[in-house]
Each structure stands twice: as structure tokens, then as C-alpha cells.
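Please read all numbers here as calculations on a predicted model, not as lab measurements.
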Number of protein chains: 2
Amino acid sequence: MAAQRGEGDAVVATPRNPADAEVRERARAIPEAAVARLAVYLRVLSGMVDQGVTTISSEELSSAAGVNSAKLRKDLSYIGSYGTRGVGYDVEVLVSHIERILGLTRKHSVAVVGIGNLGHALANYGGFPSRGFPVAALFDIDPDLTGVPVGGIPVNHIDDIATVCAEREVSIGVIATPPQAAQAVCDRLVSAGVQCILNFAPVVLQVPDNVEVRKVDLAVEMQILSFHVARRADEAAGEVVNGVGVDGVVIRP
Amino acid sequence: MAAQRGEGDAVVATPRNPADAEVRERARAIPEAAVARLAVYLRVLSGMVDQGVTTISSEELSSAAGVNSAKLRKDLSYIGSYGTRGVGYDVEVLVSHIERILGLTRKHSVAVVGIGNLGHALANYGGFPSRGFPVAALFDIDPDLTGVPVGGIPVNHIDDIATVCAEREVSIGVIATPPQAAQAVCDRLVSAGVQCILNFAPVVLQVPDNVEVRKVDLAVEMQILSFHVARRADEAAGEVVNGVGVDGVVIRP
DNA sequence: CCGACTTTGTGCAAGCGTTCACAAGCGGTA
DNA sequence: TACCGCTTGTGAACGCTTGCACAAAGTCGG
Ligand SMILES: NC(=O)c1ccc[n+]([C@@H]2O[C@H](COP(=O)([O-])OP(=O)(O)OC[C@H]3O[C@@H](n4cnc5c(N)ncnc54)[C@H](O)[C@@H]3O)[C@@H](O)[C@H]2O)c1
Ligand SMILES: NC(=O)c1ccc[n+]([C@@H]2O[C@H](COP(=O)([O-])OP(=O)(O)OC[C@H]3O[C@@H](n4cnc5c(N)ncnc54)[C@H](O)[C@@H]3O)[C@@H](O)[C@H]2O)c1
């Protein structure tokens, strides 16, 4: 029974080696939420490098990343102490350390399965290769698509998934098939040795424990937004009657 | 008080009444994480309805949704007590209550801004309308696109965003423009009265407090996957020395 | 070299969210 | 009606995350 979202780790550790052990130790202890933020910091920092910024304080970086500065510093402390008190952080140093922790020193080839509306968009998207995630293979079940190049890469038939993934050392599989096909595709990716899956189909995938799945479910996102609209409407209807909301805050009409 | 579909949702113009107040109270207390899961339960339950299932236990539903059963029951308890002990939940009752809490009794019109690769995929996607999120407007800055129908809807020019959004009662704005344009587009959406934004551009948006933003950042998702690969690789390298990993689990060579 | 000033890194406490475990409640059965 | 087995609903414990507040550690001007 594998959980859909890879969370909850924090187990006991047993380091044995000299310097490597420390990195491992650190990596294991980083909360999932912090990892997601580190990726955001990395993006912001990359922008800073392009602008020629060499040094940045936790206050500046945190506001650019939309978090508070204490949280930012705590997050950075998980990966080590690379700041200079009274000055801030060296942008390039920070970038390289975050990249190391996120495992971005290695290239991660991506395979997209299901070259429909979404699959086309993903295959054409320039943002992946530029961040170290080259799209190395495309798969579809439609024979009319096989051989057709999309985003510069010819589509392979899904039946060749095992050999092609092995050949091109695919480490991340992206599922963009209809929901009915998703579990089967997932199983084939897993058989092909892919251990990381990004799933766009609105289904809960069952995978072995050694496979990491993350899902992107746009309908869920919309429903969360919808919930907030409803909540706000309710609050307004209920609390604005006397012009004052909870905590005595005045609500605009 | 049986709130069924189509009940025009008393929220806006109704006077205070105890049942509403209770719903309000409940809605406010639901943790964000639980809201996201409720949306998943809803999807699973919809599938159950289609299969003719009328009753379901927390155990069954939780495993179909990929969570543990205690969490599921706790989540459902946030919205009220609609199960029958010894039996389980009536699927349709549960569906209607979750829909009510998520605010899905109302339609939420969606506007997509930036009709490029991703925008096209979104506009063509049938999964939104079918879940109560009709795509009501499309916008782009490219004059060659204005008037061109995508997914059955003609693209409007971004300059008309305020009037068109008002006319079509857009309540959710989706940003699929290049990152450089995202903040400006966001500002225009907010000016147009849109209070919910789903952002695909890899930037942190600045919005007023009364606007809800959710972001979908695929590069971040990939980097989180990358982190787990790296962590696993490190663990294997470090722990496999004596052939035994954490928890005494033997790691494959 | 010193002292004022700035900013990091982190111990700690409070807040949330998750999980456990079990009493309460219900349907079925005799 | 009384009992039994099953499943819900939830209080309480636990553990992760956040935010505060401040000592430590560095810079810089004199
Ligand atoms: N289009 C969007 O914007 C969007 C948004 C959110 C979620 N999604 C989800 O993403 C998935 C894809 O959406 P889409 O709009 O691109 O659908 P689509 O129908 O346009 O494309 C699906 C593609 O998958 C291929 N396919 C079907 N079965 C397959 C199999 N067994 N193996 C390999 N390929 C197979 C089809 O040939 C087709 O090319 C769906 O699950 C959808 O719910 C799409
Ligand atoms: N394509 C993907 O699969 C993908 C994946 C992840 C994230 N994204 C992000 O989504 C966004 C869109 O990606 P894309 O691949 O569709 O890009 P794209 O270049 O294909 O499309 C962008 C569209 O936005 C329009 N546009 C530009 N400025 C605008 C403005 N000010 N107002 C309105 N429209 C404007 C352009 O005319 C173009 O049609 C980007 O921010 C990208 O980083 C895309």
C-alpha cells in the first residue's frame, strides 16, 4: 500500500561514512514541505544570477519567494550553513548547494506517455530541458502517432516502452493518458524500471513502495479554489450582517 | 435539512438561520489538506455512483482514495456525520454533502489567459466543464489569435479582459502565459474582479488578501521527484555496505 | 583593534494535521 | 427484546511545521 504523495519520512538514521554520511543525514531529515520550497528558492535564485545579483539576504529572498524569512532560513539550515552573518548568502553558492541536495547535478531524462492535448504541450515545453529534465522519449498507443515528431522527438509506440526507456535511461515518467489507461501505463513504466512518476490523470495510482508518485490534478485545484469562494461567500453572508467579522475586522461590503 | 443538488444555496441573500451557521462554522474549520482530499473522495465516489454502488465503508473508500481509513473518517467528520454505524456511508448522500461543502452547487466559470501550448490543452480539455467548471472565456495578447475559436470558444484580446470577465461571470482565472507576463495578467484579472487564480507560470504572484492563488509548478514537482531519487541513491550507497538498509530491509544490489 | 550594526542559525513553544484506539450506535438475528 | 458483530465518529496522543526571539558571528567605519 503505497501512499500517493511521498511524505512522512523522518526515520532513525545510521551514518557510517565520513563526509558523505553528513550529506545523506541532512537529505533524509529535510521535510517534504521544505524540499518543495527549496525548488522555489532555486528558481528565484536562478533569476537573481541572471540579473547579476551576487549576494542576497534572507529577507530579500524570502519576500521574492513569498515566504517569511524565518522559514526561509530554517529551510536553508536543513542543507547546511552557507550564509555569512551580517551579509547574507552568496547566490551562486546557494544555487549549487540546493542543486546538489535536489539531485540536480545529475540529468533526469523524462518520458511522456499519452501524446494528446496535454502530452503535446508537455513535449513542446522548453522549461523542462532548461532545468535539467530533458524530454527523452514520447509514447502513445495510437499507431498514427508513432514516428511523428513532437517537439523534435519522434513518438514511440507504448509497446516499446521497456526497451526505449532502458536505452535512453529514463528516470521520470509522465502520465498524460486518459484516466482509464493510467494504471496500466503506470505498471508498464514501473516494469520498465522507472521509479518516479508524475501523474496528470485523475486517478489514484497503485505502485510499489520503491516508486515515487506525484500527481497534478487540476480539477482538485479548482475545487479547492471553489471551496474558498464558498467559504468566503458564507462568511460574508453570515458575519457582515452587523458590519463586523470575526476578530472584529470590518468586512468590505 | 436536506441540501440536495440544485438548492440555490441560501448563502447570499438569506437571513441568519441556525443550520447555515453550523455549515459555516464547519467549513471554516476544515484544514486545507482535508479539502484537497475531499475533492479526491468526491471523484472516487462519482465513479462508484456510475458503477451502481450505493453504500461504501470507510475502509473501502479510503483504500480507493489512497489514504488510511482513520484519516478518511476524520475528513468526513469535518463536514458532518452522514454515515451509518455498522454499515458505512450512502454514496449519494456523501457526494451531495461534499459538493455542498466544496461549493460545487454553484457553477464556476473559468477564464484561461495565454492560449499557447498549455492554454490550448486546457481549453480543449473536457474534464473541466464536466466537473462544474465551464471554460467561459479565453484571452491572449496575440492579435492573430483573437477571434479564433479554441475548444469551441473564440479567443478574446487581453485588453477586453475586464468587460468579458464581468459579462460571463468568470470566477476562476487560469494563467498560462509566459512567466514575464504572469504578474501583469494576474493584476488585470484581479482588477476584473476575479478572486481565484490558478497559476501555471513559474513565478510567485503578488495578490491582495482577498484573492486566492494556487500554483501548479511542474518543474518543482520534477525537482521533488529528483530529490527522492537522489536520497534513495544516497541511502543505498551508504546503507547497503553491510547489505541491510534502514529498518533491517535488505536492499537490492 | 574596537564597538556599532547587520544578518544568520537555531532552541523553543505553539499550532496543525495525522494516527491510534475505543466507546457509541446501528442492523441483523434469535 | 436482548445480544452480537461491524463500522462510525472522535478524544487524545503524537509528530511535523511554523514563527518567534535572540545569541552568535560576521562586516565595516573609525
Ligand atoms: N488537457 C488538459 O488540459 C488536461 C488537464 C488536466 C488533466 N488532464 C488529464 O490528462 C490526461 C490527458 O489529457 P488530454 O486532454 O491530453 O487527453 P487526450 O485524449 O487528448 O490524449 C490522450 C492520449 O493518450 C493516448 N493513449 C490512450 N491510451 C493510451 C495507452 N494505453 N498508452 C499510451 N497512450 C495512450 C491517446 O492515444 C491520446 O493521444 C487525461 O487523463 C486528462 O484527464 C488533461
Ligand atoms: N507547455 C507546458 O507544458 C507547460 C508546462 C509547465 C508550465 N508551463 C508554463 O505555462 C506557461 C505557458 O506555457 P506555454 O508552453 O503554453 O507557452 P506559449 O509560449 O506556448 O504560450 C504563451 C501564450 O501566452 C500569450 N501571451 C503572452 N503574453 C501575454 C499577455 N501579456 N497576455 C495574454 N497572453 C499573453 C502568448 O501570445 C502565447 O500564446 C508558461 O509560463 C510556462 O512556463 C507550461
How many Å lie between [atom1] on [X] and [atom2] on [N], as a whole number?
X       : N      : atom1 : atom2 : result
B:Leu76 : D:dG9  : CG    : P     : 8 Å
B:Ile30 : C:dT18 : CD1   : C1'   : 16 Å
B:Leu61 : D:dG9  : CG    : P     : 12 Å
B:Glu59 : D:dT8  : CD    : C1'   : 12 Å
A:Leu72 : D:dT17 : CG    : C1'   : 15 Å
B:Tyr78 : C:dC16 : OH    : P     : 12 Å
B:Lys71 : D:dG15 : NZ    : P     : 16 Å
A:Asp75 : D:dG19 : CG    : P     : 10 Å

Going by heavy atoms closer than 4.0 Å, what residues in residues 36-49 of chain A are next to DNA chain D?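 Hits under 4.0 Å, by residue number: A:Arg37.
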Between A:Glu32 and A:Arg214 (salt bridge meaning N to carboxylate O under 4.0 Å), is one present in this structure?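 A salt bridge is present here (some side-chain N lies under 4.0 Å from a carboxylate O).
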Short question: side chain of [X], backbone of [Y] - any donor-acceptor pair under 3.5 Å?
X        : Y        : value
B:Ser226 : A:Leu102 : yes
A:Arg232 : B:Asn210 : yes
B:Ser57  : B:Glu60  : yes

Judged by modelled atom types alone, do A:Glu99 and A:Ser96 share a side-chain donor-acceptor pair under 3.5 Å?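 No - no donor-acceptor pair under 3.5 Å links their side chains.
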How about A:Ser58 and A:Arg73: does a side-chain donor come under 3.5 Å of a side-chain acceptor?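 A:Arg73 and A:Ser58 do have a side-chain donor-acceptor pair below 3.5 Å.
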Under the 3.5 Å rule, do the base of D:dT7 and the side chain of B:Arg85 count as making a donor-acceptor pair?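 No, the side chain and the base share no sub-3.5 Å donor-acceptor pair.
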Distance-only donor-acceptor test (3.5 Å): side chain A:Lys74, base C:dG9: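 Donor-acceptor pair under 3.5 Å: no.
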Under 4.0 Å: is that the gap between some side-chain N or O of B:Ser58 and OP1 or OP2 of D:dT8?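 Yes, such a contact exists.
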Reckon B:Tyr89 has a side-chain N or O less than 4.0 Å from the OP1 or OP2 of D:dG9?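 For B:Tyr89, the contact criterion (side-chain N or O under 4.0 Å from OP1 or OP2 of D:dG9) is met.
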Of A:Arg73 and B:Thr84, whose nearest nucleotide on DNA chain D comes first from the 5' end?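 The residue closer to the strand's 5' end, by nearest nucleotide, is B:Thr84.
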Return the nearest nucleotide to the side chain of [X]; candidates are [options].
X       : options                : answer
B:Ser81 : C:dT10, D:dT10, D:dT7  : D:dT10
A:Ala70 : D:dT27, D:dA21, D:dT10 : D:dA21
B:Ala33 : C:dG9, C:dG17, C:dT19  : C:dG17

Take A:Leu72 and A:Leu61 through the side chain to side chain contact (heavy atoms under 4.5 Å, CB included) test and state the conclusion after the steps. CA-CA 8 Å; A:Leu72 174 99; A:Leu61 179 51; 3.8 Å; yes
